[in-house]
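Written out below as structure tokens is the structure these notes cover.
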Amino acid sequence: MIKINESFLKLKDNYLFSTINQKTKEYKNKNPEKKIINLGIGDVTLPIPSIITKAMSKACEEMSDAETFRGYGPEQGYEFLREKIQQEDYGKRNINIDKTEIFVSDGAKCDTANISELFDISNKVAITDPVYPVYLDSNIIAGRSKKYIKELERFDGITYLSCISENNFIPELPKEKCDMIYLCYPNNPTGTVLTNEQLKVWVDYARENRAIILFDSAYEKYITQKDIPHSIYEIEGAKEVAIEFRSFSKTAGFTGIRCAYTVVPKQLVGYTNKGNEISINSLWRRRSSCKFNGVSYITQRGAEAVYTKEAQQLIEENIKYYLSNTNELKINLEKLGYKVYGGINSPYVWIKTPKQQSSWEFFDYLLEKANIVGTPGSGFGPSGEGYFRLTGFGKKEDTIEAIERIKKL
Ligand code: PLP
């Protein structure tokens, strides 16, 4: 008899976006004449600069020529791309990362989920709350929680680091000892960031407790303020305790193309039951060579072209476009008396729902009264209750119209 991994049954149904779609569809059916504006989208909408797609077309052509055809590539990624990542993303910030510490992949989502395989099931996991759900769900699947406690809206055995307006969305160190700590900055969904000093607190904690930080910086390119770290490796000692995840998705518009990378420093060690040190880099390399055959050559040539001067300028313009949307939302909603967080270093604004409304009540209110769709904060975790996420990924004219509609409420 084939037995299943029963941990899957512990997962909460992923009903957030399906409920949003269902409610939106029902409203549309009842009110076909209304134009709905979707500011809930977490996907980029602007096209990819053609210098990138041209590089991909050229790589595609190479495949039909015997001289330039390529089959399986290196699992860790082609050297031409890892070299660019090393120089452009780290070297230019005076961060010394070796090419052998960079692993190119098909997404930060898979990497942030798969990384948990390297660690023993007994490790105590800490996540910020609200959170990008992948970190939590992947650890539930791995068996790191016995059960979901309905009354607490939390999984047993997982440490939730509450990030709410009362603590300025800065997670406090856990009271209990944690081993695997997931941090995402700039944060999805709150749009907030940590300063060097605030991030250093976590690096120091991890060093003292021989813990590991799994640092997701998928939105790093959205940072506009000067004193905000773009990489966790800007913090002294972080290479001993942190893995960093990056993605071309939200920066270069690769959500459909799929390319990302993970940095696993050579200094980073984990421990056997006997207390012997083992290189995490060698474990991740071993895992990759066992379960992955690399990202396509065509995609990697596209990612390489992201670093050309022309592409960098166009990507910067796209990011400015999204950020100007979040800026408009922030300024105008604040003028209307809303409490608005994030949006300065991130494509997300995080709103406190007015008049003590629940996240879903506010969702219904905005949909029915202004025909605007957003994302209820409670879908990202219990501390997201009473908050609401809007994104800057929509069209400029739609964002402006949404603001006008909210003004009229
Ligand atoms: N990390 C965070 C925090 C995200 O919000 C997302 C996508 O929304 C991802 C990772 C996924 O990145 P990728 O497209 O590279 O899988």
Side-chain angles (χ1 to χ4, degrees), residues 14 16-17 20 38-46 48 52 77 81 85 89 102-116 127-139 161 163 169 171 181-194 199 213-223 228 230-232 242-263 288 292 294-296 299-300 302-303 306 315 318-319 322-323 326 342-343 345-350 374-375 377 379-381 384 389-394:
N14 189 5
L16 177 65
F17 288 99
I20 291 173
N38 188 349
L39 295 186
I41 34 174
D43 196 354
V44 289
T45 50
L46 295 172
I48 296 165
I52 296 172
L81 178 56
I85 293 168
D89 289 344
I102 299 166
F103 296 79
V104 176
S105 80
D106 58 353
K109 183 180 198 173
C110 342
D111 284 356
T112 52
N114 289 333
I115 202 80
S116 108
I127 52 158
T128 52
D129 171 28
V131 75
Y132 175 57
V134 174
Y135 320 144
L136 177 64
D137 286 358
S138 54
N139 278 290
L161 308 164
C163 296
F169 302 94
I181 301 151
Y182 289 84
L183 296 177
C184 169
Y185 289 98
N187 188 260
N188 176 14
T190 66
T192 56
V193 287
L194 292 186
L199 192 51
I213 298 176
L214 303 155
F215 191 76
D216 186 343
S217 61
Y219 297 96
E220 164 268 328
K221 287 272 186 304
Y222 288 79
I223 295 173
I228 305 299
H230 285 246
S231 162
I232 193 164
I243 291 178
E244 181 158 281
F245 304 92
R246 291 263 180 108
S247 172
F248 293 94
S249 282
K250 305 295 165 80
T251 55
F254 272 44
T255 50
I257 290 178
R258 312 301 305 144
C259 197
Y261 64 87
T262 290
V263 177
S288 303
F292 191 51
V295 177
S296 84
T299 300
Q300 292 192 60
V306 166
I315 286 167
N318 288 355
I319 290 175
Y322 297 136
L323 282 172
T326 52
N345 300 296
S346 130
Y348 301 118
V349 290
W350 190 242
T375 314
F380 298 99
R389 192 190 77 174
L390 293 176
T391 86
F393 287 129

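Just follow the structure's listing: the first ligand is 1, and inside any ligand the first atom is 1. Only heavy atoms go into these numbers, but all of them, side chains included; no hydrogens, no water, no symmetry mates.
- Taking the six-membered ring where tryptophan is involved, the planes of Phe393 and Tyr322 are perpendicular, since the angle between them exceeds 60° and thus also 30°.
- Atom OG1 of Thr255 and atom CZ of Phe248 lie 14.0 Å apart (nearest 0.5 Å).
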Show me the short polar-atom pairs for ligand 1: any N or O of it lying under 3.5 Å from a protein N or O, with distances only.
unit_1	atom_1	unit_2	atom_2	d
ligand 1	1 (N)	Asp216	OD2	2.7
ligand 1	5 (O)	Asn188	ND2	2.8
ligand 1	5 (O)	Tyr219	OH	2.6
ligand 1	8 (O)	Tyr219	OH	3.4
ligand 1	8 (O)	Lys250	NZ	2.7
ligand 1	14 (O)	Ser249	OG	2.6
ligand 1	14 (O)	Arg258	NH1	2.9
ligand 1	14 (O)	Arg258	NH2	3.4
ligand 1	15 (O)	Ala108	N	2.8
ligand 1	15 (O)	Ser247	OG	2.6
ligand 1	15 (O)	Ser249	OG	3.4
ligand 1	16 (O)	Ala108	N	3.2
ligand 1	16 (O)	Lys109	N	2.9
ligand 1	16 (O)	Arg258	NH2	2.7

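- Between Arg246 and Asp111 there is no salt bridge, since none of the side-chain N atoms of the basic residue sits less than 4.0 Å from a carboxylate O of the acidic one.
- Applying the side chain to side chain contact (heavy atoms under 4.5 Å, CB included) test between Arg389 and each of Asn188, Val349, Thr190 identifies Asn188 as the sole match.
- One finds the SG atom of Cys184 at 7.5 Å from the CZ atom of Phe215 (value rounded to the nearest 0.5 Å).
- The side chain to side chain contact (heavy atoms under 4.5 Å, CB included) test with Thr128 singles out one residue from Tyr185, Phe169, Tyr182, and that residue is Tyr185.
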